[in-house]
Amino acid sequence: MDAARVVVVDDNVVVRSGLVSLLEASGIEVVGEAGDGHTAIEIVRRVRPDLVLLDVQMPLVDGVTAARTLSRLTRVIMLTYTEDPRIVREAIGNGASGYLVHGQFSAEKLAEAVHGALRGANPLSEAAVSALVGALREFSARPEPPGAGSDAEPGAEPGDDPPAGARVPEPRGPSAPADEGARRVARFGLSARELDVMRLIVRGRTNVEIAGHLFLAEKTVKNHVNRIYAKLGVTSRAAAIAQWMGTAGETTR
């Protein structure tokens, strides 16, 4: 098996050099280094690595902003000291496949995270998991705005889809799950089966677990997941959850 090819991005030269040493000792090939997001994008476009390890706070272009472009070119794992839940959510919403916090992983765990991300996993430090769980709870607890009892916006025609980026209020009462599914299907265009798969993705289920739960072949589940990614405009499970739950692209500035 060919060694994973990685670009390391951190404005702290000491931290960056340490990461390079750890990765190379684990058999991972470092094909580029950068100290800011702008240079990182240039390098990634040129060398086409398998994955980028990306810091958050950097000059010129910060890591969260750079993740939006880099995630369209390759897989991205945020690797930073920053534990701010808002930054975690925005980084994931911008396409990062994982989020690791320095001091919460060993050299062995870092190598496992790299290889896992290349297989489609989403490595997350405890702080990142807490941030995403918090986002889900906030979304579930979000109250209905005044006048939300009506399904249509003032002036809207029955059956109109909500405007792009609009927050669809969570309905109340026994029919809430069905209404929620219908509204999100209308927004993203998911089929009934894709909706089943998406609900299990939000619960953290793997493709194998989803296949067993829905009595489908794993290859069929992978096809559904890929179609869901395309419809939601994302490239990773974590970004799909953020988009689905309405936390993608929340600004932190």
Side-chain angles (χ1 to χ4, degrees), residues 1-84 87-125 127-128 131 226 229 233-240 242 248-249 252:
M1 180 184 296
D2 293 337
R5 302 171 67 253
V6 172
V7 168
V8 178
V9 186
D10 196 301
D11 63 330
N12 186 318
V13 177
V14 175
V15 172
R16 195 167 72 233
S17 297
L19 288 172
V20 170
S21 297
L22 288 176
L23 293 167
E24 291 180 340
S26 300
I28 295 170
E29 182 183 1
V30 177
V31 295
E33 300 179 40
D36 64 82
H38 178 74
T39 305
I41 292 170
E42 290 183 340
I43 291 175
V44 168
R45 282 176 171 157
R46 185 173 70 250
V47 304
R48 297 291 177 174
D50 300 314
L51 182 139
V52 176
L53 294 176
L54 185 63
D55 189 21
V56 168
Q57 297 179 351
M58 297 183 295
L60 300 181
V61 177
D62 65 87
V64 174
T65 301
R68 184 178 296 278
T69 299
L70 291 171
S71 64
R72 298 188 184 111
L73 302 172
T74 187
R75 295 187 184 277
V76 175
I77 296 178
M78 309 305 295
L79 191 58
T80 178
Y81 287 99
T82 304
E83 299 184 51
D84 186 328
I87 292 178
V88 174
R89 284 185 278 184
E90 187 174 3
I92 297 299
N94 280 358
S97 298
Y99 195 107
L100 301 179
V101 176
H102 287 293
Q104 298 184 13
F105 59 86
S106 62
E108 180 181 354
K109 291 296 184 183
L110 176 59
E112 289 178 2
V114 169
H115 291 299
L118 296 181
R119 293 192 300 268
N122 299 106
L124 299 169
S125 288
N226 288 335
Y229 285 0
V234 299
T235 57
S236 72
R237 254 177 161 75
T252 64

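Just so it is clear, the values below take in all heavy atoms, side chains as well, and ignore hydrogens, waters and symmetry mates. If you're wondering where the values come from, they're calculated on a predicted model, not measured in any experiment.
- Proximity of Val88 to Glu83: side-chain heavy atoms (C-beta onward) are nowhere separated by under 4.5 Å.
- Looking at heavy atoms from C-beta onward, Thr69 lies out of side-chain contact with Val61 at the 4.5 angstrom threshold.
- Of the possible donor and acceptor atoms, none in the side chain of Ser97 sits under 3.5 Å from a partner among the backbone N and O of Ile77.
- With rounding to the nearest 0.5 angstrom, the CG atom of Asp62 is 8.5 Å from the CD1 atom of Ile87.
- A donor-acceptor pair under 3.5 Å links the side-chain atoms of Thr74 to the main chain of Pro49, judged by distance alone.
- In this structure, Asn94 contributes its side chain and Ala67 its backbone to no donor-acceptor pair below 3.5 Å.
- Residues Leu70 and Val7 form no side-chain contact, since every pair of their non-hydrogen atoms from C-beta on lies 4.5 Å or further apart.
- The number of heavy atoms from other shown groups lying within 6.0 Å of CD (Gln57) does not exceed 12.
- Minimum heavy-atom separation, Val9 to Asp36: CG1-O, 3.9 Å.
- Proximity of Leu110 to Leu79: side-chain heavy atoms (C-beta onward) are separated by under 4.5 Å at one or more points.
- Panel note: side chain Arg75, backbone Leu51; no donor-acceptor pair is recorded below 3.5 Å.
- Applying the side-chain hydrogen bond (donor to acceptor under 3.5 Å, both in side chains) test to every pair with at least one member in residues 20-32, sequence neighbours left out, gives no pairs at all.
- Under the salt bridge (charged side-chain N to carboxylate O under 4.0 Å, His left out) criterion, the residue pairs touching residues 112-125 are Lys109-Glu112, with sequence neighbours excluded.
- For Thr80, the side chain to side chain contact (heavy atoms under 4.5 Å, CB included) partners at least two apart in sequence or on another chain are Asp55, Val56, Thr82, Tyr99.
- Smallest separation of non-hydrogen atoms from Met78 and Ala96: CG-CB, 3.8 Å.
- Side-chain atoms of Asp50 come within 3.5 Å of backbone N or O of Arg5 as a donor-acceptor pair.
- More than 12 heavy-atom neighbours from other residues, nucleotides or ligands sit within 6.0 angstrom of NE2 on His102.
- Contact detail for Ile43 and Gly32: the closest heavy-atom pair is CG2-CA, 4.3 Å.
- For Gly27 against Ala3, the heavy-atom pair with the smallest separation is O-CB, 3.3 Å.
- Taking every heavy atom of both residues into account, Leu100 and Ala113 meet most closely at CD1-CB, 3.8 Å.
- Here the closest non-hydrogen pair linking Gly35 and Arg16 is CA-NH1, 3.7 Å.
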